[in-house]
A.B. asks: 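Okay, here's the structure, questions in a sec.
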Amino acid sequence: MDVIAVDDPTDAQIRQWHSVLLAVHADDPADDPVPEPEQTAARLLGAEQGSRQRLWAALEDGEMTAVAALRLPGAPGADRPAEIDIQVRPDRRRHGLGSALLHHAAEGLRADRRSSVIAQVSAATPAVPFLESHGFECVLTLKGLLLHLSDVPPGRVKELIAAGPVGYDLVHWQGAVPDEYALALARAKHAMADMQAYEGVPWDADRVREMAEMVNKRGDALYTVAAVQGTTVAGFTEVVVSADDPYRAAQYDTAVVPEHRGRRLGIWVKAAMLDWLSRERPEVREIETDNAGDNVHMLAVNEELGYRRQRETREYQASASVLP
Ligand SMILES: CC(C)(COP(=O)(O)OP(=O)(O)OC[C@H]1O[C@@H](n2cnc3c(N)ncnc32)[C@H](O)[C@@H]1OP(=O)(O)O)[C@@H](O)C(=O)NCCC(=O)NCCS
């Protein structure tokens with residue numbers, strides 16, 4: 001087996017990479033959409049905005065049987081963890097391919113002067129013993145939830161909107177935040193204390209706009225609903241409808257600023273989002289979301305709206321020094 005760097009992938013390498021992803025998906029579809037060749041090509045040919053990436057592939061008898069992508073957010077040496085994703089063809093597992101790729105990625109990590117790396121994986125899959133055997137530790141457990149819009153009883157959304165607290169208004173926008181709310185939205189994002197502590201990067205108006213721009217560049221659409229008092233954002237929720245799979249939207253951030261909590265603003269903005277999406281994007285049939293396992297309030301809001309629990313995702317982290 002050889003491991004090669006795929007820093008400038010050729011068309012043939014992109015096709016081979018895609019066939020590894022298809023084989024992995026076929027073995028464990030986990031309710032995820034089948035990867036599309038254009039998606040794979042786009043990911044391999046360009047890193048997300050604000051990030052660089054390194055790619056490696058394992059070849060056996062000239063055939064690509066396993067792949068690894070290391071995402072490096074920010075500049076070299078940035079104080080942010082890199083992200084690793086390794087995929088091994090199901091029929092080639094337990095032969096050390098995953099470990100060999102991890103070894104190359106660890107060297108790439110150190111060459112970029114990163115102190116740690118994270119991986120997001122499904123619980124109850126081989127990824128868990130694999131990562132744990134290499135010194136990774138679980139730092140976050142996320143419960144996957146899915147809402148089938150057809151399961152929401154008729155009238156329920158209107159009822160929740162009508163029951164909204166006095167003294168707040170609902171506003172919504174698509175894409176980048178309007179200037180008058182940009183600073184206030186960044187402040188509200190601070191309310192997501194758990195994530196912020198974890199990512200270690202503070203939100204400001206520019207970063208909020210950058211995130212919207214990134215979604216837009218991918219061809220996806222970002223929808224935001226906020227509960228406001230004047231230009232103060234008390235709470236907000238974001239949903240992204242992707243160009244690849246417009247039937248299943250993804251919940252992004254939802255937060256209520258601490259001094260406005262306990263007034264059912266969370267469920268109010270989420271109900272208003274369902275109402276707006278049903279008019280704006282009637283093709284959306286499902287919304288998926290992840291909640292931190294210990295975020296009992298958000299889990300309760302989502303379950304009241306009709307979300308059902310699905311898979312569990314775990315975030316693993318390892319410091320560069322413990323990796324092979
Ligand atoms: C997780 C994955 C990458 C492991 O790849 P692999 O090539 O099979 O891993 P390795 O052969 O290098 O395994 C190294 C060690 O990990 C542990 N391990 C790996 N798979 C395991 C399993 N199914 N059960 C128990 N232990 C396992 C073992 O300790 C193994 O050493 P051993 O075979 O000597 O006992 C592969 O199963 C995969 O592609 N899964 C789907 C995609 C995924 O979840 N990727 C994780 C993202 S980082």
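Indexing begins at 1, ligand by ligand and atom by atom, following the structure's order.
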A.B. asks: Hey, are D204 and R207 close enough for a salt bridge, meaning a charged N less than 4.0 Å from a carboxylate O?
C.D. replies: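 Judged by the 4.0 Å cut-off on N to carboxylate O distance, D204 and R207 do not form a salt bridge.
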A.B. asks: Nearest protein heavy atom to atom 26 (N) of ligand 1, by residue and atom, and its distance?
C.D. replies: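 Minimum-distance protein heavy atom for atom 26 (N) of ligand 1 reads P129 CB, 3.3 Å.
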A.B. asks: Minimum distance, heavy atoms only, to atom 28 (C) of ligand 1: which one of E83, Q120, R94, R89 is it?
C.D. replies: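 It is R94 whose heavy atom sits nearest to atom 28 (C) of ligand 1.
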A.B. asks: Just going by heavy-atom distances, which of I86, V20, L101, V128 is nearest to atom 48 (S) of ligand 1?
C.D. replies: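 Residue with the shortest heavy-atom distance to the ligand atom: I86.
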A.B. asks: Does the plane of the ring in Y181 sit parallel, tilted or perpendicular to the ring in W173? Use 30° and 60° as the thresholds.
C.D. replies: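 Rings of Y181 and W173: parallel, as their planes differ by under 30°.
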A.B. asks: Can you check whether G98 has an N/O within less than 3.5 Å of an N/O in ligand 1?
C.D. replies: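 For ligand 1, there is an N or O atom that lies under 3.5 Å from one belonging to G98.
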A.B. asks: Would atom 12 (O) of ligand 1 count as contacted, meaning some protein heavy atom under 4.0 Å?
C.D. replies: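 Answer yes: something from the protein, a heavy atom, is under 4.0 Å.
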A.B. asks: Classify the angle between the aromatic ring planes of Y223 and W276 as parallel (below 30°), tilted (30 to 60°) or perpendicular (above 60°).
C.D. replies: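 Perpendicular.
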A.B. asks: Let's go through F130 and V121 carefully: what are the C-alpha distance in whole Å and the side-chain angles of both, what is the deciding distance for side-chain contact (heavy atoms from CB on, under 4.5 Å) to 0.1 Å, and is it a yes or a no?
C.D. replies: CA-CA 11 Å; F130 171 73; V121 303; over 6 Å; no
A.B. asks: Quick check on the hydrophobic clustering: are V67 and I84 connected, directly or via other members, by side-chain heavy-atom contacts under 4.5 Å?
C.D. replies: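 No, no single cluster joins them.
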A.B. asks: When you measure from atom 44 (O) of ligand 1 to every protein heavy atom, which one gives the shortest distance, and what is it?
C.D. replies: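 Of every protein heavy atom, A127 CB, 3.3 Å lies nearest to atom 44 (O) of ligand 1.
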A.B. asks: Quick one: which ligand 1 atoms are inside 4.0 Å of a heavy atom on V121?
C.D. replies: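 It comes down to these atoms of ligand 1: 46 (C), 47 (C).
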A.B. asks: Can you confirm, on distance only, whether ligand 1 has an N/O atom lying under 3.5 Å from any N/O atom belonging to V24?
C.D. replies: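 N/O-N/O distance under 3.5 Å: no.
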A.B. asks: For the side chain of D61 and the backbone of E63, is there at least one donor-acceptor N/O pair under 3.5 Å apart?
C.D. replies: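 Between the backbone of E63 and the side chain of D61 there is no qualifying donor-acceptor contact (under 3.5 Å).
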A.B. asks: Could you tell me whether S99 and ligand 1 have an N or O pair separated by under 3.5 Å?
C.D. replies: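 Right, the criterion is met.
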A.B. asks: As a check for students: among A105, S133, P324, identify the option with a heavy atom nearest to atom 29 (O) of ligand 1.
C.D. replies: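 Nearest option to atom 29 (O) of ligand 1, by heavy atoms: S133.
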A.B. asks: Heavy-atom distance from atom 31 (O) of ligand 1 to the protein below 4.0 Å?
C.D. replies: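 Neighbour list for atom 31 (O) of ligand 1 is empty of protein heavy atoms (cut-off 4.0 Å).
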A.B. asks: Carefully, step by step, assess E180 and T231 under the rule side chain to side chain donor-acceptor pair (under 3.5 Å).
C.D. replies: CA-CA 7 Å; E180 68 260 44; T231 54; over 6 Å; no
A.B. asks: Which is closest to atom 36 (C) of ligand 1 by heavy-atom distance: Q87, R92, R93, H25?
C.D. replies: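 Comparing heavy atoms across Q87, R92, R93, H25, the nearest one to atom 36 (C) of ligand 1 lies in R93.
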A.B. asks: Do L72 and I86 land in one hydrophobic cluster if side-chain heavy atoms of ILVMFWY residues count as linked below 4.5 Å?
C.D. replies: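 Yes; I86 is reachable from L72 via cluster members.
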A.B. asks: Just to be sure I'm reading this right: ignoring hydrogens, which of V88, D85, D28 gets closest to atom 5 (O) of ligand 1? Compare them by their nearest heavy atoms.
C.D. replies: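 Going through V88, D85, D28 one by one, V88 has the nearest heavy atom to atom 5 (O) of ligand 1.
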A.B. asks: For ligand 1, which atoms have a heavy atom of G96 less than 4.0 angstrom away?
C.D. replies: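 Matching atoms, with element in brackets: 10 (P), 11 (O), 12 (O).
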A.B. asks: Which of these passes salt bridge (charged side-chain N to carboxylate O under 4.0 Å, His left out) with D27: R92, R89, R93?
C.D. replies: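 Single salt bridge (charged side-chain N to carboxylate O under 4.0 Å, His left out) partner of D27 among R92, R89, R93: R93.
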A.B. asks: Please write down residue, atom name and distance for the protein heavy atom closest to atom 23 (N) of ligand 1.
C.D. replies: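 Result: P126 CB, 3.4 Å.
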A.B. asks: Kindly determine whether L70 and V117 satisfy side-chain contact (heavy atoms from CB on, under 4.5 Å), including the steps that lead there.
C.D. replies: CA-CA 9 Å; L70 182 70; V117 60; 4.1 Å; yes
